[in-house]
Novice: 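Below you will find the structure I want to go over with you.
Order of listing sets the numbers, starting from 1, for every ligand and every atom in it. Values below: all heavy atoms of this structure, side chains included; hydrogens, waters and symmetry mates excluded. For clarity, every value in this text was computed on a predicted model and none was experimentally measured.
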Amino acid sequence: MTPGTFETENIFILTGAGISAESGIDTFRDKGGIWERNSIEDVATPEAFAKDPMRVHGFYNARRRALGAPDIQPNAAHKALALLEERLPSRVLIVTQNIDDLHERAGSRNLIHMHGELMKARCTSCDDVKRHDSDLTIDSVCSHCQVKGAMRPHIVWFGEAPFEHERTTQALHDCALFISIGTSGSVYPAAGFVHEVRMAGLAHTVDIILEPSLGENQFTECRYGHAGKLVPALVEQILSGKLNIASS
Ligand code: BV8
């Protein structure tokens, strides 16, 4: 493989909450993060929703309202990834753990939301999924089947299967470059992706993170700092053929 060129190679990009931090969206496990102020068992499991649906709706309604605020915009990292996809069409896949819509709003299209989307709601009666940017309640009515009280956030809770697992697994085995951005490597199966790529033995793996994370020793290279600065620099290196990759 010619060092640094990816015109004919696939690039798999995994993103986590850290890529949206500079846009003003809280991460989960940093100081003051979401899981410091809320218990997963109370707001992010199917059992929590069955026990107290209005508490869970309240948790996601507050985050949906915050995401809809005018000052929450894609940052330089989101925009750099959209540029990479534009320059290397059909070569770049982003699999995000994030439920915000900042990748789409930056222009990314080849995108999998493995943990779902905050701006979508699903009917548990007819399974219809639609864009939904206002509050959900236990009285919300499905616009498809008209059933009242069956709406839930279109989000993957702990204990639920992530979306598009087969397509994601296939892409992991087909990539020559695996880039992880802004994830602590705490949640599976996403935390196991870099291991899967290494077992396939074909890819150069890069971790972009504020400080050393759980899986740092599994990567070919780790770049510590802010995604808003490091991601545009990495994209520039890839597009100019200057990314030095380990020989496979
Ligand atoms: C499943 C939606 C079975 C909700 C979320 C082993 C194997 C398989 C499963 C498990 C396993 N062990 C345990 C499990 C179960 C569980 C799990 O992993 N539990 C954990 C707690 C141990 N997993 C599941 O239940 C998953 N389902 O496994 O089903 C299956 C598997 C395969 C196939 C079929 C069936 C489902 C998990 C999904 C749960 N839903 N989100 C919501 O958002 O409310 S997970 C939640 O954590 C968020 O999605 C979040 O994105 C995700 C991961 O967190 P990160 O994104 O990494 O965020 P974090 O704050 O932790 O880290 C941010 C990092 O960025 C930090 O390092 C920070 O320093 C850095 N940073 C900050 N600022 C910047 C920055 N970096 C760069 N620049 C900056 N400016």
Novice: What residue and atom, counting heavy atoms only, is the protein's closest point to atom 51 (O) of ligand 1, and at what distance?
Specialist: Q97 CB, 3.4 Å
Novice: Taking the basic N atoms (NZ, or NE/NH1/NH2) and the acidic carboxylate oxygens, is any pair closer than 4.0 Å for R65 and D135?
Specialist: yes
Novice: Closest non-hydrogen protein atom to atom 66 (C) of ligand 1, residue and atom name please, with distance?
Specialist: D30 OD1, 4.0 Å
Novice: Hey, is G33 one of the residues with a heavy atom under 4.0 angstrom from ligand 1?
Specialist: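 No, G33 has no heavy atoms under 4.0 Å from ligand 1.
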Novice: Determine whether any protein heavy atom is located less than 4.0 Å from atom 15 (C) of ligand 1.
Specialist: no
Novice: May I ask whether atom 3 (C) of ligand 1 is less than 4.0 Å from at least one protein heavy atom?
Specialist: no
Novice: Would you please determine whether R63 falls within less than 4.0 Å of ligand 1 on a heavy-atom basis?
Specialist: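 Yes, R63 has a heavy atom closer than 4.0 Å to ligand 1.
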Novice: Counting only heavy atoms on the protein side, is anything nearer than 4.0 Å to atom 68 (C) of ligand 1?
Specialist: yes
Novice: Check ligand 1 against E22 and write out every atom of the ligand that is under 4.0 Å from a heavy-atom position of the residue.
Specialist: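 Every atom of ligand 1 under 4.0 Å from some heavy atom of E22: 78 (N), 79 (C), 80 (N).
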Novice: So is S186 close enough to ligand 1, meaning a heavy atom under 4.0 angstrom away?
Specialist: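 A heavy atom of S186 does come that close to ligand 1.
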Novice: Please determine if E160 and R152 form a salt bridge, counting it only when a charged side-chain N lies under 4.0 Å from a carboxylate O.
Specialist: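 R152 and E160: salt-bridged.
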Novice: Could you check whether the rings of F178 and F12 sit parallel, tilted or perpendicular, using 30° and 60° as the cut-offs?
Specialist: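 Correct class here is parallel.
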Novice: Which atoms of ligand 1 sit under 4.0 Å from any heavy atom of G16?
Specialist: 56 (O)
Novice: Tell me whether A77 reaches ligand 1 (any heavy atom closer than 4.0 angstrom to a ligand atom).
Specialist: no
Novice: Over 60° means perpendicular and under 30° means parallel, so classify the ring planes of H78 and H103, tilted if in between.
Specialist: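 It falls in the perpendicular class, over 60°.
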